[in-house]
Amino acid sequence: MEAPVRLWVKTEPFLVGALPAPPPARLGPHYLRKMAAYARARAAEGCFPRLSWPRWRHIACGKLQLGRGLAWLYFELFHSLLRPDPPRSLEWAEAEAACAGPDELEQERSKAGAPSRAGRHGESPAHPNASFSPLLDTLQFLLFLYVQQVNKVSLRRSLIGEEWPSPRTKSPSLTGKSASENKNWSDQDHCAFVQSHLSDMLELLLEPEQLTASSHSTHSSLVSYEAVRALSFLIEGGVSKSRMVHPLHELALWQPCHGQNGYSKVSRAFSFPKLESWLRSCLTTNPFGMTACLKSGKKLAWAQQVEGTTRRAKIACNTRVVPEVFPMVIMSQVYKQTLAKSSDTLVGAHVRIHRCNESFIYLLSPLRSVTIEKCRNSTFVLGPVQASVHVHSCDNVKVIVVCHRLCLSSTSSCTFYILTPTQPLILLGNEAVSFAPFHTHYPMLEDHMAQVGLATLPNYWDSPMLVCKESGDTSVFRLLPPSDFYTFVIPFEMEGDTTETPGGLPHAYQKALSQREQKVQIWQKTVKEAGLTKDQRKQFQMLVENKFYEWLVQTGNRQQLDSLVPPAVGSKQAAG
């Protein structure tokens with residue numbers, strides 16, 4: 001008989017919430033159990049059931065020995081998972097941009113920290129700057145920290161060949177399977193992780209009196225409704241034959257499930273062994289995950305199939321789209337072409353761009369997250385990204401984007417033209433990274449920024465954070481010299497009001513552009529005053545055009561221009 005309830009592990013906590021790097025040793029299960037006990041014991045001080053930034057800073061820096069920057073990174077990263085509405089995000093940005101220095105910024109972050117200001121049952125704090133420094137659900141935050149273990153390198157698995165703790169695979173190939181796949185995207189890995197660590201995670205949520213002296217459960221331990229509600233951070237599901245998606249705690253309270261999950265209306269709690277068994281038996285593949293998208297998703301004919309190559313461009317999206325789940329778009333093996341889309345299919349989507357080579361890809365819609373993986377010699381121009389852009393195992397790519405967060409791992413000779421309210425994260429295995437200010441626009445850009453809650457200030461494009469000890473060498477990155485800086489023109493017509501780069505350019509870069517423009521004007525004036533005859537002008541024009549053509553071929557820009565020519569009717573890209 002088919003189980004009446006199907007459960008699956010949510011994509012967001014892993015895809016957006018798990019930092020794509022091995023976590024600090026002090027975020028291991030042993031220390032998180034200690035943190036859970038500490039937080040519960042200090043509920044009156046703002047540690048439980050809601051956790052303030054000052055108290056987390058004290059725990060992270062004083063107890064777990066994390067740096068303050070890393071402590072704030074985890075705190076803010078968790079907050080970005082909670083889908084803060086765009087107006088509040090813009091208020092947050094305005095408050096941070098108004099701070100004169102680090103001390104004032106720290107004071108502003110701490111303002112919402114008084115426990116008396118927290119609402120009941122998870123309501124928002126009443127402080128006017130609550131959106132800037134939120135109070136987090138302590139149990140959910142503990143689960144979020146536990147999820148960071150998904151990217152922990154296992155020595156045992158390394159020794160048997162399943163995983164090798166190499167920070168970088170040189171020159172990633174465009175064919176064959178990598179030795180280390182991206183766990184943040186793999187819903188099968190998410191489910192396996194939860195199945196493997198379910199007992200530990202449930203114990204993390206137990207009240208102290210339900211634990212032994214060694215912080216473990218017993219056969220008679222009870223799991224509170226609040227703990228199951230916190231577990232809804234990771235797990236959701238549905239009832240058979242229904243298209244509705246429900247959080248775990250709603251399904252767990254459904255009457256037909258009480259016999260299996262051990263819920264008692266008297267104690268308003270669940271039997272630990274029965275709940276664990278019920279969760280394991282109901283967990284299945286995420287119907288909105290990458291596996292389902294690749295296996296049964298809708299195929300999109302956005303890319304041309306280039307003749308003379310065995311590579312087949314593949315682009316797919318979810319067949320099922322529901323309001324509770326962000327959609328997903330996966331594109332792979334786009335080769336030697338320009339692909340440009342502004343589509344409802346992309347709005348709010350998690351996008352994975354995989355194994356693309358010698359291409360120019362424009363995705364001009366507001367996006368939830370973007371992963372660019374194993375791509376080479378390509379340019380990516382993205383609409384505003386509400387959560388994160390993760391670039392992994394890429395060589396010689398340019399990424400032009402306004403995004404909430406940028407993460408880099410295993411990249412080589414890549415340039416990032418960015419506008420971001422958080423420090424770009426440099427993880428393991430990067431070399432020759434260049435950062436430059438965001439330098440383009442399209443007509444709907446500012447409207448799209450407002451939709452995802454991104455402002456022009458603060459902008460930390462030039463202040464990357466070296467997250468891992470192995471990435472502590474500041475020589476892995478540079479700020480692009482103004483002499484090498486050029487604006488970028490998006491060559492498509494669209495409706496909208498944006499006519500210039502939002503926020504403008506830093507003075508040094510604007511000055512370099514102005515000086516270059518001045519040289520062009522002097523050149524044009526010199527040609528005009530040279531007194532050339534009609535034949536000389538024609539000959540001179542041919543000479544300039546020939547030199548320009550040589551330059552286009554030498555720099556590879558000819559391919560970019562050629563690929564802007566619309567394809568023939570028979571191979572026309574399909575509308576999205």
Side-chain angles (χ1 to χ4, degrees), residues 3-10 13 26-44 47-51 59 63-64 121-122 136-150 190-237 246-284:
V5 167
R6 292 176 68 233
L7 302 175
W8 55 83
V9 179
K10 294 161 73 171
R26 289 292 183 108
L27 283 186
H30 171 72
Y31 290 99
L32 292 182
R33 281 195 289 271
K34 286 190 169 187
M35 176 183 160
Y38 182 91
R40 286 181 182 274
R42 286 159 179 77
C47 291
F48 191 86
R50 309 279 285 179
L51 182 66
I59 293 169
K63 306 295 182 184
L64 302 178
H121 304 302
L136 306 182
D137 182 299
T138 308
L139 294 180
Q140 287 190 3
F141 188 58
L142 283 164
L143 290 174
F144 160 80
L145 294 175
Y146 197 101
V147 161
Q148 306 306 317
Q149 300 295 314
V150 74
H190 304 166
C191 190
F193 179 86
V194 171
Q195 288 274 19
S196 298
H197 300 275
L198 183 58
S199 184
D200 272 358
M201 289 192 287
L202 283 172
E203 289 177 345
L204 200 59
L205 305 177
L206 290 183
E207 293 166 340
E209 58 270 22
Q210 303 298 330
L211 292 165
T212 64
S214 59
S215 297
H216 291 294
S217 63
T218 68
H219 190 74
S220 60
S221 293
L222 297 178
V223 184
S224 69
Y225 169 72
E226 287 72 25
V228 175
R229 187 182 181 91
L231 199 57
S232 295
F233 169 70
L234 289 180
I235 299 173
E236 63 190 3
H246 300 275
L248 170 65
H249 61 274
E250 290 183 5
L251 294 168
L253 288 183
W254 192 39
Q255 180 70 40
C257 297
H258 290 179
Q260 294 171 287
N261 62 30
Y263 180 70
S264 164
K265 290 183 179 179
V266 177
S267 63
R268 203 169 169 265
F270 300 80
S271 159
F272 186 101
K274 282 192 172 185
L275 177 65
E276 182 182 0
S277 175
W278 177 71
L279 290 171
R280 291 190 189 281
S281 66
C282 294
L283 276 172
T284 185

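Remember, it's a predicted structure, so these values are computed and weren't measured experimentally.
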Checklist entry - Measuring from Lys10:NZ to His190:NE2, what's the distance to the nearest 0.5 Å? => result 13.5 Å

Item to check | Test item: Gln149 side-chain N/O and Leu27 main-chain N/O as donor-acceptor pair under 3.5 Å | outcome: yes

Checklist entry - Nearest 0.5 Å, what's the OH-CZ distance between Tyr31 and Arg26? => result 4.0 Å

Checklist entry - If you round to the nearest 0.5 Å, how far is CG of Leu64 from CG of Leu32? => result 7.5 Å

Checklist entry - Does Cys47 offer a backbone N or O that forms a donor-acceptor pair with the side chain of Thr138 under 3.5 Å? => result yes

Checklist outcome for this item: Interatomic distance, CD@Glu276 vs NZ@Lys274, rounded to 0.5 Å, equals 14.0 Å

Next on the checklist: Working note: Leu145 + Met35, criterion side-chain contact (heavy atoms from CB on, under 4.5 Å); need CA distance, chi angles, decisive distance, verdict.
Outcome noted: CA-CA 11 Å; Leu145 294 175; Met35 176 183 160; 3.9 Å; yes

Next on the checklist: My understanding is that only one of Phe48, Phe233, Phe144 makes a side chain to side chain contact (heavy atoms under 4.5 Å, CB included) with Leu139; could you say which?
Outcome noted: Phe48

Next on the checklist: For the backbone of His249 and the side chain of Ser232, can you confirm whether one donor and one acceptor N or O come within less than 3.5 Å of each other?
Outcome noted: yes

Checklist outcome for this item: NZ (Lys34) and CD1 (Ile59) are apart, to the nearest 0.5 Å, by 13.5 Å

Item to check | NE2 on His258 to OG on Ser271, rounded to 0.5 Å | outcome: 13.0 Å

Next on the checklist: Can you tell me how the ring of Tyr263 sits relative to the ring of Phe270, calling it parallel under 30°, perpendicular over 60° and tilted otherwise?
Outcome noted: tilted

Next on the checklist: Quick check: closest heavy atoms across Gln195 and Leu283, and the distance to 0.1 Å?
Outcome noted: NE2-CB, 3.7 Å

Next on the checklist: Quick check against the 3.5 Å criterion: does Ser217 have a side-chain atom that pairs as donor or acceptor with the backbone of Glu203?
Outcome noted: no

Checklist entry - Is there a donor-acceptor pair closer than 3.5 Å between any side-chain N or O of Asn261 and the backbone N or O of Ala252? => result yes

Checklist entry - Looking only at heavy atoms, which two atoms of Leu205 and Ala227 are closest? And how far apart? => result CD1-O, 3.4 Å

